[in-house]
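None of these values were measured; they are calculated from a predicted model. Letters A, B, ... mirror the listed sequences (proteins, then strands); counts begin at 1.
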2 protein chains.
Amino acid sequence: MLKQETLSKNQQIVLDYIEKVNEPIKAYSILHNVQKKGIKAPLQVYRALDKLVEIGKIHKIESRNAFVACKNSNCQISKATAFSICESCEEVSEISDSKLSKYLKNFQDKAGMKFNKYNLEFFGLCKKCSVK
Amino acid sequence: MLKQETLSKNQQIVLDYIEKVNEPIKAYSILHNVQKKGIKAPLQVYRALDKLVEIGKIHKIESRNAFVACKNSNCQISKATAFSICESCEEVSEISDSKLSKYLKNFQDKAGMKFNKYNLEFFGLCKKCSVK
DNA sequence: TAACATTATGTAATAATATAACATTACTTA
DNA sequence: TAAGTAATGTTATATTATTACATAATGTTA
Ligand SMILES: [Zn+2]
Ligand SMILES: [Zn+2]
Ligand SMILES: [Zn+2]
Ligand SMILES: [Zn+2]
């Protein structure tokens, strides 16, 4: 079965908002901002988030408990995500680097475990913050 | 100034427990298990965890909100962590691979951001779980 | 040793993040 | 249309983490 083409109502509302803000945003902040659209409870947000993560429209920044829209034009690589995070201003960018993703997809650990997914978060200072 | 050599009472209690269980463990589970040692409140645990993470004795598994003792004999690389996580049995291993860490330490993103830390989590099925 | 700064502790309250449980509705497709 | 799957609505609750404030222990320096 192919991936679904159309999002449900709540999924679309949540995605629209995440895409609009264009930076990592937390679940309860989403909730507060979509209440005017009729979404009333945390679970409605979390269910939409789960689905959107699953189909690669958004990603979760695990170290921040925040969600961000995928920038890789409907991420074919939702199972292979990498981000850079500025520890000063909290700016987050999705890294799109085919050499990096190739290297990590092919990485074999010593225990012989078969990976089907990874998430990588780099931390540092963005250009703006490093000159301050 | 050199890193502190000796841990405080609460830090030692929490570290001892994490090292004993030898698998990722959550903050409130730690709390329940060290109450007989006199630690009564979540904050006492979280403060010890913060410090232990900072000095590299333990690491946080971000995707699981759990903490695990460092296996790299007092991790000189607490700022460069990689784990494999079995999505079936939740077994977690710290990956110690100098080629990988060298590759990631030297990775330069297109925005020219200077990284001083990274965390990488691989997901898949461990050997035991993949034969089931 | 006295003064000061830093680190750690104790305690209570509360904030922030996420899920369980259950009833209902909409969508798909055979 | 009947059955199966996915999504929704709602309430309550579980889990994870921090704020705020008072105190004590430790380390540093004069
Ligand atoms: Zn993406
Ligand atoms: Zn910045
Ligand atoms: Zn380590
Ligand atoms: Zn396993």
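Remark: B:Lys9 is in phosphate contact with C:dG10, judged by side-chain N or O atoms under 4.0 Å from OP1 or OP2. For B:Lys51 and C:dA8, the shortest distance from a side-chain N or O to OP1 or OP2 is below 4.0 Å. Residue A:Ser8 places at least one side-chain N or O closer than 4.0 Å to OP1 or OP2 of D:dT8.
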Decide yes or no on side chain to side chain contact (heavy atoms under 4.5 Å, CB included) for B:Glu90 and B:Ile85, but give the supporting numbers first.
-> CA-CA 6 Å; B:Glu90 292 295 322; B:Ile85 302 171; 4.3 Å; yes
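Rounded to whole Å, atom P of C:dT7 lies 16 Å from atom CG of B:Leu52. Distance B:Leu31 CG to D:dA14 C1': 15 Å, rounded to the nearest Å. Here the C1' atom of nucleotide C:dC27 and the CG atom of A:Asn10 are 15 Å apart, to the nearest Å. Taking atom CD of B:Gln12 as the reference point, atom P of C:dT9 lies 11 Å away to the nearest angstrom. Distance B:Leu7 CG to D:dA25 C1': 16 Å, rounded to the nearest Å. As rounded to whole Å, 10 Å separates atom P of D:dA17 from atom CG of B:Asp50. Distance, B:Leu49 CG to C:dA8 C1': 15 Å, rounded to whole Å.
Across all non-hydrogen atoms, the minimal contact from B:Ala48 to B:Asn10 is CB-O, 4.0 Å.
In this pair, A:Phe107 and B:Phe122 present their aromatic rings parallel. The plane angle is below 30°, not in the 30 to 60° band.
Looking only at side-chain heavy atoms (C-beta outward), B:Asn72 and B:Glu94 come within less than 4.5 Å of each other.
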Do any N or O atoms of the protein come closer than 3.5 Å to N or O atoms of nucleotides 11-17 of chain C, and which pairs are they?
| residue | atom | partner | partner atom | Å |
| --- | --- | --- | --- | --- |
| C:dT11 | OP2 | B:Lys40 | NZ | 3.2 |
| C:dT17 | OP1 | A:Lys26 | NZ | 2.4 |

Only distances under 3.5 Å count here; give the side-chain donor-acceptor pairs of residues 24-31 of chain A to other protein atoms, sequence neighbours excluded, each with its distance to 0.1 Å.
| residue | atom | partner | partner atom | Å |
| --- | --- | --- | --- | --- |
| A:Lys26 | NZ | A:Arg64 | O | 3.1 |

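Pairs of Watson-Crick or G-U wobble type, with distances under 3.5 Å, assemble into runs of 3 or more in DNA chain D at these ranges: C:1-30 with D:1-30.
Side-chain N/O atoms of B:Asn119 and B:Glu62 include no donor and acceptor closer than 3.5 Å. A donor atom on one side chain and an acceptor atom on the other are found under 3.5 Å apart for B:Lys71 and B:Asn22. Side-chain atoms of A:Asn33 and A:Lys20 include no donor-acceptor pair closer than 3.5 Å.
Ring centroid separation for the pair A:Tyr103 and B:Tyr103 comes in under the 6.0 Å cut-off.
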